[in-house]
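All values derive from a computational prediction rather than experimental measurement. Just so we're on the same page: letters track the sequence lines, and every chain starts at 1.
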Amino acid sequence: MPELPEVETTVRRFRPLLEGRRIIAFRTRWQRHAVPSAPAVRRGVVGRTVARVSRRGKYIVLALDDGAHLLIHLRMSGRLEWAADHEKEPAHVRTLWEFDGGQRLLFSDARKFGRVVYTRDLAATTAGLGIEPLAREFTADAFDTLLRRRTRQLKPLLLDQSVVAGLGNIYVDEALFRARLHPLTRSDHLSAAQTASLHEHIRALLREAIRHHGTTFDWVYPSGGMQTRLRVYGRTGQPCPVCHTPIEYLRVGQRGTHICPRCQPANGAPRPKRGR
DNA sequence: TGAATTGTTATCGT
DNA sequence: AACGATAACAATTC
């Protein structure tokens, strides 16, 4: 479940390995990985040099030396590995690139949900993505406007990549907890102070997670350190670090959701009647 | 064995 | 028509 911090960590790891290297072969063993098609991706990338590695939302973006781009989305179970050609392959390698010098970029993806997208028009391909939460343009005012002109529940709204690009289930739960907001609260029902708080917590949380190289939960994404700093995600039944109330698990828009019922009271919900 | 997992997209309703 | 809510889907793990 790589989200923005895990993707950013991956980008930082692979930037020095890939930049300036020439791709001499592209192969995929799972045709659906390649968009628009495996032959199209191969024609586009073979012979090209990787000019620059960056990130947009949860996409890893390889800028090629001819102005085209290759986007890699890890989805649920994708991870990248770097291997010299004599090393044995990790499991579930679906797609790989060979570079001059005999080294390879391996795209391992147990669930096969990942994507490798070749495009000559990066702007058009990423047009559907929302604002970058760590960019300068993501100001408290911009976020306030964005929340206020929608009428959706906070959690599904924050998970929507066309609104804010890069947040996933883990960091949405954590950001809402830190801002003391219930995930079902309608986005247009927040006060200016609440939107400002959520804005600040999202940015601080993502920066903290990047600093700790992301969150590691299973075999998918190793070597992160953020999992010990999460306060609600994956902690169902354990005491809230703030008030010691047991963390509750609920479903919001088909997503597993973790909250502290005391720190994150339902906003606008009818208060339980006091006896007598 | 089937429930759980998640981001994206298709579909339906308002 | 545009938006919001919901379902379906990809495939594997435990």
Side-chain angles (χ1 to χ4, degrees), chain A residues 1-8 10 28-38 55-61 71-80 89-95 107-117 119 124-133 145-176 182-190 206 209 214-222 224 226-227 230 232-237 248-258 268:
Chain A
M1 323 71 60
E3 305 179 20
L4 187 154
E6 291 77 31
V7 175
E8 180 63 29
T10 302
T28 184
R29 302 160 187 165
W30 181 248
Q31 299 294 311
R32 304 174 75 153
H33 251 187
V35 177
S37 70
R55 179 189 60 74
R56 177 75 173 95
K58 296 173 189 169
Y59 285 94
I60 298 159
V61 180
L71 282 63
I72 301 173
H73 200 304
L74 302 172
R75 289 278 195 111
M76 276 187 75
S77 62
R79 61 187 269 191
L80 296 181
E89 255 185 37
H92 311 305
V93 172
R94 314 296 183 188
T95 295
F107 186 1
S108 166
D109 183 16
R111 295 191 175 90
K112 301 180 176 175
F113 297 167
R115 291 291 179 269
V116 172
V117 180
T119 177
T125 305
T126 58
L129 291 176
I131 191 164
E132 280 292 324
T145 305
L146 198 145
L147 291 175
R148 212 167 296 288
R149 73 164 55 127
R150 309 296 198 102
T151 63
R152 296 173 68 181
Q153 297 168 334
L154 278 181
K155 174 148 182 178
L157 182 71
L158 293 175
L159 284 173
D160 188 336
Q161 301 300 298
S162 71
V163 178
V164 179
L167 296 175
N169 208 31
I170 297 173
Y171 296 110
V172 167
D173 279 7
E174 290 299 314
L176 289 172
H182 193 282
L184 294 178
T185 308
R186 269 179 52 167
S187 61
D188 58 335
H189 286 8
L190 298 184
L206 292 176
T215 300
T216 297
F217 267 116
D218 48 26
W219 79 101
V220 172
Y221 183 84
M226 188 63 190
Q227 58 282 357
L230 302 180
V232 289
Y233 188 90
R235 303 190 69 245
T236 307
E248 285 182 6
Y249 182 86
L250 55 150
R251 283 208 171 262
V252 177
Q254 271 89 316
R255 285 295 176 269
T257 300
H258 311 74

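Using a 4.0 Å heavy-atom distance criterion, A/G168 is classed as a sugar-phosphate-only contact. When heavy atoms are screened at a 4.0 angstrom cut-off, A/R75 is found touching base atoms of the nucleic acid. In this structure, A/Y249 reaches the sugar-phosphate backbone alone: every heavy-atom distance under 4.0 Å involves primed, P, OP1 or OP2 atoms, never a base.
Taking every side-chain heavy atom of A/R150 into account, C/dG4 is the closest of C/dG4, C/dA11, B/dT8. For A/Q153, taking side-chain heavy atoms from C-beta onward, the closest of the listed nucleotides C/dA5, C/dT12, C/dA10 is C/dA5. Of the candidates C/dT13, C/dA11, C/dG4, C/dG4 carries the atom nearest the A/T151 side chain, counting heavy atoms from C-beta on. Checking C/dA7, B/dT8, B/dT6 against the side-chain heavy atoms of A/M76 singles out B/dT6 as nearest. Among the nucleotides C/dA10, C/dT13, C/dT12, the one closest to any side-chain atom of A/F113 is C/dA10.
Straight-line distance from the CG atom of A/D160 to the C1' atom of B/dT6: 14 Å, rounded to whole Å. A straight line from CG of A/L167 to P of B/dT8 spans 11 Å, rounded to a whole angstrom. For A/L159 and C/dG4, the CG to P distance is 15 Å, given to the nearest whole Å. Here B/dT8 presents its P atom at 11 Å from CG of A/L74, a figure rounded to the nearest Å. Atom NZ of A/K155 is separated from atom P of C/dT6 by 14 Å (rounded to the nearest Å). Across the protein-nucleic acid pair, A/D109 atom CG and B/dT8 atom C1' stand 15 Å apart, rounded to whole Å. Taking atom CG of A/L71 as the reference point, atom P of B/dT8 lies 12 Å away to the nearest angstrom. In this structure, A/R32 places its CZ atom 16 Å from P of B/dT8, rounding to the nearest Å.
A salt bridge does not link A/R75 to A/D109: none of the charged side-chain nitrogens sits closer than 4.0 Å to a carboxylate oxygen. A/R56 and A/E132 are joined by a salt bridge, as a carboxylate oxygen and a charged side-chain nitrogen come within less than 4.0 angstrom of each other.
In this structure, A/R152 reaches the C/dA5 phosphate: one of its side-chain N or O atoms is under 4.0 Å from OP1 or OP2. Contact annotation: A/H92 side-chain N/O to C/dT13 OP1/OP2 distance is under 4.0 Å. Taking only side-chain nitrogens and oxygens, A/H73 comes nearer than 4.0 Å to OP1 or OP2 of B/dT8. Contact annotation: A/R94 reaches the phosphate of C/dT12 (side-chain N/O to OP1 or OP2, under 4.0 Å). A/Y233 has a side-chain polar atom (N or O) that falls below the 4.0 Å cut-off from OP1 or OP2 of B/dT6. Using a 4.0 Å cut-off, some side-chain N or O of A/R251 falls inside it from OP1 or OP2 of B/dT5.
With hydrogens and angles left out, the side-chain atoms of A/D188 and A/T151 include no donor and acceptor closer than 3.5 Å. Side-chain atoms of A/D173 and A/H258 form a donor-acceptor pair, as typed in the model, at a separation below 3.5 Å.
Remark: the backbone N or O of A/V93 is paired with a side-chain donor or acceptor of A/R29 at under 3.5 angstrom. A side-chain donor-acceptor contact under 3.5 Å links A/R94 to the backbone of A/A110.
Toward the 5′ end of DNA chain C lies the nearest nucleotide of A/Q254, the other residue of the pair A/Q254 and A/W30 mapping further downstream.
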